[in-house]
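The block underneath contains the structure these notes are about, expressed in structure tokens.
So that the names make sense, note that chain A is the first sequence line, chain B the second, and so on, each numbered from 1.
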Number of protein chains: 2
Amino acid sequence: MLDTVADRTTARKSSERKSSDERRDDIIRATLGLVARKGFAGVTLREVATEVGVVHGLIRHYFASRDDLVAAAFDFAVSSELESDRALLDGLDPLSALAGWLAATPENHYRVWIDAWSEAARTPPLAAALDRHHRDCERILTAVIERVVDAGLGASADPAADSRLLTAVADGVAVQHHAVGVIDVDEADAIVFGAAESQLGLEPGALARVNPVPARGQWAGDAAR
Amino acid sequence: MLDTVADRTTARKSSERKSSDERRDDIIRATLGLVARKGFAGVTLREVATEVGVVHGLIRHYFASRDDLVAAAFDFAVSSELESDRALLDGLDPLSALAGWLAATPENHYRVWIDAWSEAARTPPLAAALDRHHRDCERILTAVIERVVDAGLGASADPAADSRLLTAVADGVAVQHHAVGVIDVDEADAIVFGAAESQLGLEPGALARVNPVPARGQWAGDAAR
DNA sequence: TCCTTTGTTGTCCAACTGGATAACAACGCT
DNA sequence: AGCGTTGTTATCCAGTTGGACAACAAAGGA
């Protein structure tokens with residue numbers, strides 16, 4: 001009952017051979033779905049491979065290590081989100097852009113961020129990606145603040161510092177809302193908008209009145225839920 | 001070269017036999033140190049055992065399962081920290097208490113919290129403990145705010161809401177500081193103090209001038225670093 | 001056509017995990 | 001002193017993980 005080389009060859013039903021980019025994309029999307037469901041620490045090569053429909057060895061053909069895969073997935077999710085956000089914000093008036101950026105983001109997004117904060121301490125490639133993206137976010141928000149100031153709608157002595165402040169507030173509010181559930185979405189927006197109005201000298205309620213707040217883009221992993 | 005039963009017996013150098021409570025405490029402290037360094041998912045019975053100086057089998061003599069151990073450690077950390085903080089704050093004047101509560105906490109503490117936020121989404125018992133903990137924190141800070149108001153030092157239309165707001169700011173700042181490293185400890189304190197002063201109508205710099213900011217209690221896991 | 005490249009599989013491996021269990025040893029009770 | 005309780009060790013186990021590797025197969029260029 002030994003099988004010959006020919007037997008094994010015939011038995012091998014290969015999944016379609018895809019182009020490098022296509023397969024790479026499949027793997028990253030599957031990884032993102034897994035991250036959303038089980039966190040960064042819960043991503044295993046075998047599970048990703050199963051979801052893609054290939055053998056776990058193939059993953060290593062595309063990513064040098066598990067950590068690299070996870071970092072690449074995070075990188076992809078965040079940069080695609082940032083890209084669409086940046087494009088969206090550019091088409092809005094300054095106040096709408098500010099409100100749009102600060103408004104509560106979909107739950108999936110923040111779950112990934114929170115997981116990344118936690119896991120980055122132990123996964124250097126993730127830490128690098130996280131750092132890069134936080135600085136990108138700071139830069140985007142700084143630009144938005146400068147647009148508000150240039151339009152004469154508000155004031156800021158140090159747009160970059162105000163950007164860091166508002167990012168901190170938004171992140172803290174997101175944690176309280178998504179991870180802890182102590183505050184609801186309305187209180188979350190109220191806190192962040194209030195902080196921005198107070199810090200930038202806007203008239204109270206200026207941001208809440210921007211209606212409707214433009215929806216932030218959905219990232220790739222959302223479909224995989 | 002087979003060793004007899006007697007040989008093995010003599011070779012066995014047992015670590016001192018400790019009382020049940022004492023050993024249990026050792027294990028929990030070691031677990032907390034491990035959680036701080038490697039996250040909840042990174043806690044392994046063998047590593048805990050090594051740190052305590054015993055064999056991994058012994059851990060199961062005290063805790064039914066790995067998950068039970070982790071949950072017990074988190075419960076212990078949270079309740080002991082809150083207890084000591086509450087006692088500490090009671091002995092201070094209102095402004096010092098407020099500054100003490102809002103000042104940046106040791107890195108270890110926030111590491112554990114960030115991990116808990118991340119892990120809670122997948123571990124219901126942890127989510128319950130986290131929820132309890134955050135509500136306790138809200139209650140403590142609300143009481144401190146009320147003391148500030150009663151002393152005529154500041155004003156608050158809704159102390160509980162202000163407590164949630166300041167907690168969100170503190171948590172967000174802690175994330176930016178500990179997990180991302182975008183802001184340093186001085187900027188962190190400046191942001192949180194500024195938010196509190198603005199929200200409660202204190203004179204600017206009132207909290208920063210409280211000197212020295214009373215140190216928050218160290219919890220058990222700190223020693224294990 | 002031959003040959004190189006590269007997508008893909010199947011299989012092996014060493015490390016590590018949580019858990020179970022038998023034997024041993026210190027302690028307290030009577 | 002005898003005896004049960006329990007703190008403690010030393011092993012065994014089955015499962016999972018990330019990684020390495022040889023072999024195969026589909027493309028594509030010359």
Under 3.5 Å, is there a donor on one side chain and an acceptor on the other for A/His178 and A/Trp113?
no

Between D/dT8 and B/Tyr62, is there an OP1 or OP2 to side-chain N/O distance shorter than 4.0 Å?
yes

Verify the contact: side-chain N or O of A/His61 to OP1 or OP2 of C/dT8, cut-off strictly under 4.0 Å; return yes or no.
no

Which part of the nucleic acid, if any, lies within contact of B/Ser19, taking any heavy atom under 4.0 Å across all strands shown: a base, the sugar-phosphate backbone alone, or nothing?
nothing

Nearest-Å distance, CZ (B/Phe63) to P (D/dG7)?
12 Å

For B/Glu22 and D/dT6, what is the distance between atoms CD and P respectively, to the nearest whole Å?
18 Å

Tell me whether the side-chain N/O atoms of A/Arg23 come closer than 4.0 Å to OP1 or OP2 in C/dT6.
no

Separation between CD of A/Gln176 and CG of B/Asp171, rounded to the nearest 0.5 Å:
5.0 Å

C/dT9 P sits how many Å from A/Lys18 NZ, rounded?
11 Å

Starting from P on D/dT6, measure out to CG on B/Asp21 and report it in whole angstrom.
13 Å

Can you tell whether the side chains of A/Asp158 and A/Arg164 come within less than 4.0 Å, N to carboxylate O?
no

Flag this pair as yes if the NZ/CZ of B/Arg122 is under 6.0 angstrom from the six-membered ring centre of B/Phe40 and inside a 45 degree cone about the axis; otherwise no.
no

Exactly one candidate in A/Arg37, A/Arg46, A/Arg29 meets salt bridge (charged side-chain N to carboxylate O under 4.0 Å, His left out) with A/Glu51; the answer is A/Arg37

Starting at CG of B/Leu58 and ending at P of C/dA23, how long is that distance when rounded to a whole Å?
19 Å

Could you tell me how far apart B/Arg17 (CZ) and D/dT6 (P) are, to the nearest whole angstrom?
10 Å

Per the salt bridge (charged side-chain N to carboxylate O under 4.0 Å, His left out) rule, what does the pair list look like for residues 60-76 of chain B, sequence neighbours excluded?
none

For nucleotides 14-20 of chain C, read 5' to 3', which letter fits each nucleotide if B means a protein heavy atom sits under 4.0 Å from the base, S means only the sugar-phosphate is that close, and - means neither?
---BBBS

